Amino acid sequence: MRWAATARGLVPVRRVVRIGVTGLARAGKTALLTSIAANLLAAGAGLPALPALTARLGGRRLRVSAASAGAADLPRFDTAFHLGALARDPPAWPARTQALSLLALELEIGQPGPFAALPAQRVRLELLDYPGEWLLDLPMLGLGFGAWSAGTLRRLEKRREAADFLAFLRVLPVTAPADEALARSGHLLYRALLRTLRDKAGLSLLQPGRFLMPPPGGEPPWLEFFPYPGDGPLAALLRSRYEAYVEAVRTQLFSPAFGQVNALVVLADLLSALHDGPAAFADTTAALAEVAEALRWRGPALLPNWLAAVLGFGISRVAFVASKSDHVAERQRGNLAALAAALTRLPIGRFVRTASFAVAAVRCTEDVVWTLEGHPVSAVRGRLLGAERAGRSYPGEVPDKPPGPEFWAHPFLALPDFEPMRLPLGGRGGVPNVNLDALLAFLLEDVL
Ligand SMILES: Nc1nc2c(ncn2[C@@H]2O[C@H](COP(=O)(O)OP(=O)(O)OP(=O)(O)O)[C@@H](O)[C@H]2O)c(=O)[nH]1
Ligand SMILES: [Mg+2]
């Protein structure tokens, strides 16, 4: 712990720990932030909400309170609103996140045993809720316009939804003029295509993310580009816009107001990807691998990981988290965490601590043993959204590494939409979860 000399004598310096919660769209980020806030507040009130974290404290006192958003020019994460919705009868899940927001908590951690009379360590814990679409802008940081266009077009060639956009590209000569109307038509076609691929085809690996979820404060004119394999004045115009885009992403990521996170959580709904079939699984895992790769090899203009670590800033911890693990029973969750680690090829570097977890931020089910065709299986039981009574679900075995063709021959059965359990004390008693305490103990290890 660091100390500062003040008029009151030596007092501990308040540390700021900033954690970015990222993940593909609908992966469960907002639910995770809500649950972290509710459970930390409950643990701070002495309730047994986060046993692994409390054990890590080894008897030291923990106090938690909501902190003011401070001077940060970021919208505040509305914990009361989200928790209120979860605590309603019937409970409601969060709506889709439209913009970045910040959750700030004040932690006071008492000194150990003989030093208990000394002032507590104070930590301002900040968590950022990112729109899912933005995560895939990270891999673009390391790519030039040509390579990005080529990679993107290769993926699009396989999609019939891309027919109109690809037809537009086919009639464009390689040396097309730098014409604003052309740039605009191409951009609008490409942007509409991204929306279709997200909303109708359920794809994740869609770039640039800010085309789907624009940044706050209006759209800058340089947003108007699209992937284009040409090599003339139009290509030069689009390249300059692409570079301005990438620069803006980079600046936002490292500006104190916007990014500059110490730790990153990358959430992925791997169970839904397994359920949706080989194409959806390939799309999700390619997106995840691209993100892990972007964290591994930072672009040349960024500080290398080791230098950032030496200078004491930059991302020092990354947790890859398979979300919604309450869809499967405890026996399967180890496999789920192992699958997340295999897909991201952990560890990702010498100076970044990495780990994978299978978490349910808002646990909707309990484990039960079910006899299926004469054999006992570990299943789960919970109330389906809108249903009167609880039902059982056994989605099947979770693979611990990327599955081969034999897995897809017997695909994952059911992945129903569960309703959150009724919250104890209207949310003040915390939110039932799976493994949230282990995730927090990892993220906060440096201050614990
Ligand atoms: N069973 C279960 N379902 C969950 C859990 N967390 C989230 N979900 C489901 O996943 C949906 C999306 O969760 P969100 O927290 O809104 O996801 P998000 O990542 O913030 O989504 P965007 O803001 O759209 O990117 C919810 O509406 C729930 O249906 C969980 O812990 N368990
Ligand atoms: Mg959200």
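Order of listing sets the numbers, starting from 1, for every ligand and every atom in it. Here the structure is a predicted model, which is why all the values come from computation and not from measurement. Quick note: numbers below take in every heavy atom, side chains included, and nothing from hydrogens, waters or symmetry partners.
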What protein N/O/S atoms lie closer than 2.8 Å to the Mg ion (ligand 2)?
T30 OG1, T97 OG1

Taking the inter-plane angle between the rings of F168 and F226 on a 0 to 90° scale, is it parallel (under 30°), tilted (30 to 60°) or perpendicular (over 60°)?
perpendicular

Set of residues satisfying ring pair (Phe, Tyr, Trp, His ring centres under 6.0 Å) with respect to Y190, sequence neighbours excluded
F165

For the pair D164 and R160, find out whether any cationic side-chain nitrogen is under 4.0 Å from an anionic carboxylate oxygen.
no

Can you list the steps and then say if F77 with H82 is a ring pair (Phe, Tyr, Trp, His ring centres under 6.0 Å)?
CA-CA 9 Å; F77 182 84; H82 291 301; 4.9 Å; yes

Does R317 count as lying over the ring of F442, i.e. NZ or CZ under 6.0 Å from the six-ring centre, within 45 degrees of the axis?
yes

How far apart are the C-alpha atoms of W408 and F281, what are their side-chain angles, what is the distance that settles it, and do they pass the ring pair (Phe, Tyr, Trp, His ring centres under 6.0 Å) test?
CA-CA 10 Å; W408 298 113; F281 187 76; 5.6 Å; yes

Tell me, which pairs form a salt bridge (Lys or Arg N to Asp or Glu O under 4.0 Å) where one or both residues lie in residues 80-94, sequence neighbours left out?
D89-R422

Cation-pi check, R239 to F145: give yes when NZ or CZ is under 6.0 Å from the six-membered ring centre and within 45° of the ring axis, no otherwise.
no

Those residues with a heavy-atom separation under 4.0 Å from ligand 1 are A25, R26, A27, G28, K29, T30, A31, W93, P94, R96, T97, G132, K324, D326, H327, A360, A361, V362, C364

Whether the D129 and T30 side chains hold a donor-acceptor pair (N or O, under 3.5 Å, no angle test) is what I'd like checked.
yes

